[in-house]
Amino acid sequence: MTKKDIVRIISKELHLPRKEAHKAIQKTFEAIIDGLKKEGRIELRNFGVFVVKERAPRMARNPRTGENVWIEAKKTVVFKPGKEMGDNIQSYQSNSQKSNEKKPQNLQKRHQPPNKN
């Protein structure tokens with residue numbers, strides 16, 4: 001799903017012109033970014049928490065060349081879903097796994113964990 005898809009859904013459900021829905025969504029994103037810059041944390045009840053975390057400097061490897069590369073410390077944003085979102089996602093995953101059980105093995109998604117039989 002992209003921002004364009006979200007704009008379309010909001011526009012349709014709230015009977016707003018797409019330009020107005022886009023403006024509202026863009027302002028929401030800007031407010032979240034500004035809040036993270038100022039506070040370092042945004043908590044949205046029943047949705048989740050965005051937190052700015054410092055990543056330690058580390059040695060990594062360039063996968064193309066195999067060369068070791070030093071990566072400086074940097075800030076990154078971490079999202080932890082709220083309970084309600086987590087519960088909704090879990091029930092969705094359970095339902096999609098049940099539908100995959102009915103499909104032949106070669107049509108199931110490759111990234112699913114193997115059965116524990």
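- Closest approach of Pro17 and Ser11 over heavy atoms only: C-OG, 3.8 Å.
- In this structure, Asp5 contributes its side chain and Thr2 its backbone to a donor-acceptor pair below 3.5 Å.
- Distance check, rounded to the nearest 0.5 Å: CZ of Arg18 to NZ of Lys12 gives 9.5 Å.
- Residues Ala21 and Val7 share a closest heavy-atom pair of CB-O, 3.9 Å.
- Note on residues 43-53: pairs passing side-chain hydrogen bond (donor to acceptor under 3.5 Å, both in side chains), not counting sequence neighbours, are Arg41-Glu43, Glu43-Arg45.
- The 12-atom threshold is not exceeded at CD of Glu39, counting heavy atoms of other residues, nucleotides or ligands nearer than 6.0 Å.
- Linking Ile, Leu, Val, Met, Phe, Trp and Tyr whenever their side-chain heavy atoms come within less than 4.5 Å leaves Ile10 and Leu44 in two separate clusters.
- To the nearest 0.5 angstrom, Asp34 atom CG is 9.0 Å from Lys27 atom NZ.
- Under a hydrophobic-cluster definition in which Ile, Leu, Val, Met, Phe, Trp and Tyr are linked whenever side-chain heavy atoms come within less than 4.5 Å, directly or via other members, Val52 and Ile32 are assigned to the same cluster.
- Listed by first then second residue, pairs satisfying ring pair (Phe, Tyr, Trp, His ring centres under 6.0 Å) with a partner in residues 55-84 read Phe47-Phe79, Phe50-Phe79, not counting sequence neighbours.
- Nearest heavy-atom pair across Thr28 and Ala24 is OG1-O, 2.8 Å.
- Glu54 and Ala73 make their closest contact through OE2-CB, 3.5 Å (heavy atoms, listed as atom of the first residue, atom of the second, distance).
- In Lys3, the NZ atom is crowded: over 12 heavy atoms of neighbouring residues, nucleotides or ligands sit closer than 6.0 Å.
- Sorted by first then second residue, the ring pair (Phe, Tyr, Trp, His ring centres under 6.0 Å) pairs that include residues 13-35, not counting sequence neighbours, number zero.
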* To do: Show the numbers, then the answer: is there a side-chain contact (heavy atoms from CB on, under 4.5 Å) between Glu20 and Leu14?
  => CA-CA 10 Å; Glu20 293 298 315; Leu14 297 180; over 6 Å; no
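- Taking the side chain as every heavy atom from C-beta outward, Ile9 and Met1 approach each other to under 4.5 Å.
- Atom CZ of residue Arg58 and atom NZ of residue Lys74 lie 7.0 Å apart, to the nearest 0.5 angstrom.
- The NZ atom of Lys23 sits 9.0 Å away from the NZ atom of Lys19 when rounded to the nearest 0.5 Å.
- Residues Lys80 and Val51 form no side-chain contact, since every pair of their non-hydrogen atoms from C-beta on lies 4.5 Å or further apart.
- Following chains of ILVMFWY side-chain contacts shorter than 4.5 Å, one cannot reach Ile6 starting from Ile33, and the two form parts of different hydrophobic clusters.
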